[in-house]
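Notes for the one structure printed next.
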Amino acid sequence: MIPNTRVPSRYLYFAVICFFSFHSPSINSQSVAKAQGTKTKIPLNLDRAILIGTTNNVLLRTIESKKEITKLVITEKWREFLPKVGVQYMGLRNTNVGSIDNLYNDVRLTVQQLVFDGGEASLQVEIARLGEALNEQDFKVGAVKLKLDIQKAYLKTLSAKGKILLGQKVVEKMNESLRKAKAEFGQGLISRIQYSEVTNKVKQSQLTLLKYKNEYNQTALELKQVLSLDFHVELDLEENLFTDFVLSIPQIDSEEAVIRAMNTREDLKKSQLVIKRLKNEKKIADNYWVPKVYLGGYAGKNGNDFPLKHDIYGLNFNFVLPLGSTVVQSNGNLGVQKDGTGIQTYPGFGNQTVGPGINGYESSRIQFFDNLSYSRKIMEGEVQLSEALMNYKNLENQIGIEVQKSVDRVNESWEMMKISNSGVILNWETLRVGNVKLGAGQFRKEDVLSSELEFLKSQQELTDSLANYMISLYEMSFAANIDLSVKKLIQYEKGKGNSVIAALLFDRDPRKAIGVDAPGE
């Protein structure tokens, strides 16, 4: 099962097809837009980003296209269980000078059936089916990894967008302070040095905003790359990192997470399928000595002129026995010519004339050193199977370590977010006190602006902490195959975000936001 934040996995692929049938800009439309000098604008949220990235990914498309090939391979292997039926015609025309003309026509229906191969055909069908299952697992593994890459790239872009929002608010305040300072300087109420300090603070805020915008441009390009979108496309992120995500305290049992990962991880399932396939291939190589027996027959008519009058029928067999590198082959035929004169083809003797009655032949040969590859195939099978088993054990251990590390990162990023929350609240209270003192004439304007910049810096750190916490949750979701929406660790609720910054934006008490320790804790 592919872990999903908000979209049920059973609807994912259907939703991909439906959404892009009606909403995604086509390649032609993007080309036209570029030719006209305009940009295609795509509204984007996290779910839609996952759908776009999954649909556009070249690797997933390639794996998906292999489904039909694996189905054809299964059909080919099943063909060995069915009789091979054909129609054979043989005609002779001898019209030599000085001799009697010789005309002969032979039409027969032939059939051949594998009757014994030691179970090799069944194993080949099973191997083909395992190949189909492996292709499906490749798709799931690729989709899960791609989903994580999209989530991380999207959150980094959303984080950068949030910083721009914070930076713009501070720049607006700074510009307002600059306008007041300019008027006060003109009236001689403040000195040139004080006016220069205010101007410098404003430039610092503008530079900080410029850095945020550059960060957003870079992360947006990385997101487009992950989504396989043209770089001319303009993204319109509909979600807000601060106000649209409800976060919860991480309460994760690492042992339970490891057990779940061992039972549900798609890459482990893929490794198990690889082992099954290699076991079957090794079994085929080990049973190289098992003989193969084919039985066949024919029925038809022959004669000089059409319509043909003389009935013919018969049975044949083919026997192949590998003995080391030596191969023993034997084949034979027993036929009946009802009346008239017929022709039978005997290996080594060519076409022979036969009369009414029973006719037959048997041929055997021994080919020395005809199958030197048998020992190499056995050894290769043993090595590949041993390697697959070791890889499976290593993968189990790697997944256990990966899950434990991801849980630790979640707890660490949660604590970092709490520290960032404290920094924001401290600077918020400092700024609030500074504004009160400024109104009472007990605080300098330049000091308040410095507090504004420190407040912006603390909010930037909190923004990074929020994004890192959410990314660590998605990484843990990938590692342990845990659905975050079921655990309610991340929930999307428009306008109901419970971060400290959301509380400040909505004029709520930030000390009641998520991840804020009460005094004395």
Side-chain angles (χ1 to χ4, degrees), residues 1-31 33-34 39-71 131-158 218-239 264-271 273-274 402 470-471 473-479 481 483-485:
M1 170 183 170
I2 301 177
N4 199 341
T5 306
R6 280 166 276 160
V7 179
S9 59
R10 62 180 180 275
Y11 298 132
L12 177 59
Y13 304 123
F14 177 77
V16 169
I17 296 172
C18 292
F19 178 83
F20 285 96
S21 296
F22 298 100
H23 292 83
S24 65
S26 65
I27 295 176
N28 290 334
S29 65
Q30 291 185 26
S31 301
K34 285 188 288 184
K39 287 187 176 182
T40 302
K41 193 170 185 178
I42 298 180
L44 199 67
N45 56 34
L46 182 54
D47 288 335
R48 194 174 296 132
I50 293 172
L51 295 178
I52 291 175
T54 304
T55 302
N56 290 348
N57 187 263
V58 175
L59 177 60
L60 293 184
R61 284 184 176 184
T62 302
I63 295 174
E64 183 72 14
S65 64
K66 291 181 180 180
K67 283 186 176 181
E68 295 302 320
I69 298 177
T70 55
K71 290 179 181 179
E132 182 181 34
L134 277 171
N135 187 76
E136 184 68 23
Q137 288 304 121
D138 281 335
F139 184 88
K140 291 180 179 179
V141 170
V144 171
K145 291 181 178 178
L146 176 63
K147 180 179 178 182
L148 177 61
D149 291 339
I150 293 171
Q151 289 166 334
K152 292 166 68 174
Y154 180 84
L155 285 174
K156 289 178 181 178
T157 308
L158 202 61
Q218 295 299 316
T219 55
L221 287 173
E222 293 173 1
L223 178 58
K224 292 175 191 177
Q225 185 175 13
V226 174
L227 300 182
S228 301
L229 291 175
D230 194 284
F231 70 92
H232 287 91
V233 171
E234 185 176 345
L235 302 179
D236 181 18
L237 303 188
E238 298 177 335
E239 296 169 329
T264 60
R265 278 278 292 257
E266 301 296 344
D267 43 1
L268 269 177
K269 294 179 182 179
K270 176 185 174 182
S271 183
L273 291 174
V274 170
E402 184 180 337
M470 295 175 69
I471 287 174
L473 284 175
Y474 284 122
E475 288 176 337
M476 186 272 296
S477 172
F478 166 78
N481 199 19
D483 191 334
L484 297 180
S485 62

On a heavy-atom basis, the closest approach of V226 and I150 is CG1-CG1, 3.4 Å
Can you tell me if K224 uses its side chain to pair, donor with acceptor, with the backbone of L229 under 3.5 Å?
no
How far does CG of L237 sit from CD1 of I42, to the nearest 0.5 angstrom?
11.0 Å
So do H232 and T40 actually touch side chain to side chain, heavy atoms under 4.5 Å?
no
Spacing of OG belonging to S271 relative to CG belonging to L134, to within rounding of 0.5 Å
9.5 Å
Test side-chain contact (heavy atoms from CB on, under 4.5 Å) on L60 and T55 and set out the steps.
CA-CA 8 Å; L60 293 184; T55 302; over 6 Å; no
Side-chain touch L44/T157, heavy atoms, less than 4.5 angstrom:
no
Is V144 close to R265 at the side-chain level, that is, under 4.5 Å between some pair of heavy atoms?
no
Between the CE atom in M470 and the CG atom in L46, the distance rounded to the nearest 0.5 Å is 7.5 Å
Candidate pair K67 and E136, rule side-chain contact (heavy atoms from CB on, under 4.5 Å), full reasoning:
CA-CA 8 Å; K67 283 186 176 181; E136 184 68 23; 3.2 Å; yes
For E132, all residues meeting side chain to side chain donor-acceptor pair (under 3.5 Å), sequence neighbours excluded
none
Considering all heavy atoms, the nearest T70-G131 contact:
CG2-O, 4.2 Å
Looking at R48 and P43, what are the two nearest heavy atoms and their distance?
NH1-O, 3.0 Å
Note, L484 side chain near M476 side chain (heavy atom, < 4.5 Å)
yes
Residues at least two apart in sequence or cross-chain that pass side chain to side chain donor-acceptor pair (under 3.5 Å) with N135, listed by chain then number, are none
Whether S477 side chain and L473 backbone form a donor-acceptor pair below 3.5 Å
no
Can you tell if the side chain of K140 reaches within under 4.5 Å of the side chain of K269, non-hydrogen atoms only?
no
To the closest 0.5 Å, what do you measure between CG (D236) and NZ (K41)?
4.5 Å
To the nearest 0.5 Å, what is the distance between CG on N481 and CG on L268?
10.5 Å
Exceeds 12 heavy-atom contacts within 6.0 angstrom, atom CD of E238:
yes
Would you check if the side chain of T62 reaches a backbone N or O of V58 as a donor-acceptor pair within less than 3.5 Å?
yes
Is there a side-chain contact between Y154 and E239 (heavy atoms, below 4.5 Å)?
yes
Check: N56/S228 side-chain N/O donor and acceptor closer than 3.5 Å
no
Checking E64 side chain against F139 main chain: does a donor-acceptor pair fall under 3.5 Å?
no
I would like to know whether V233 and L227 meet side-chain contact (heavy atoms from CB on, under 4.5 Å); could you show each step before the answer?
CA-CA 11 Å; V233 171; L227 300 182; over 6 Å; no
K270: partners by side chain to side chain donor-acceptor pair (under 3.5 Å), with sequence neighbours left out:
D138
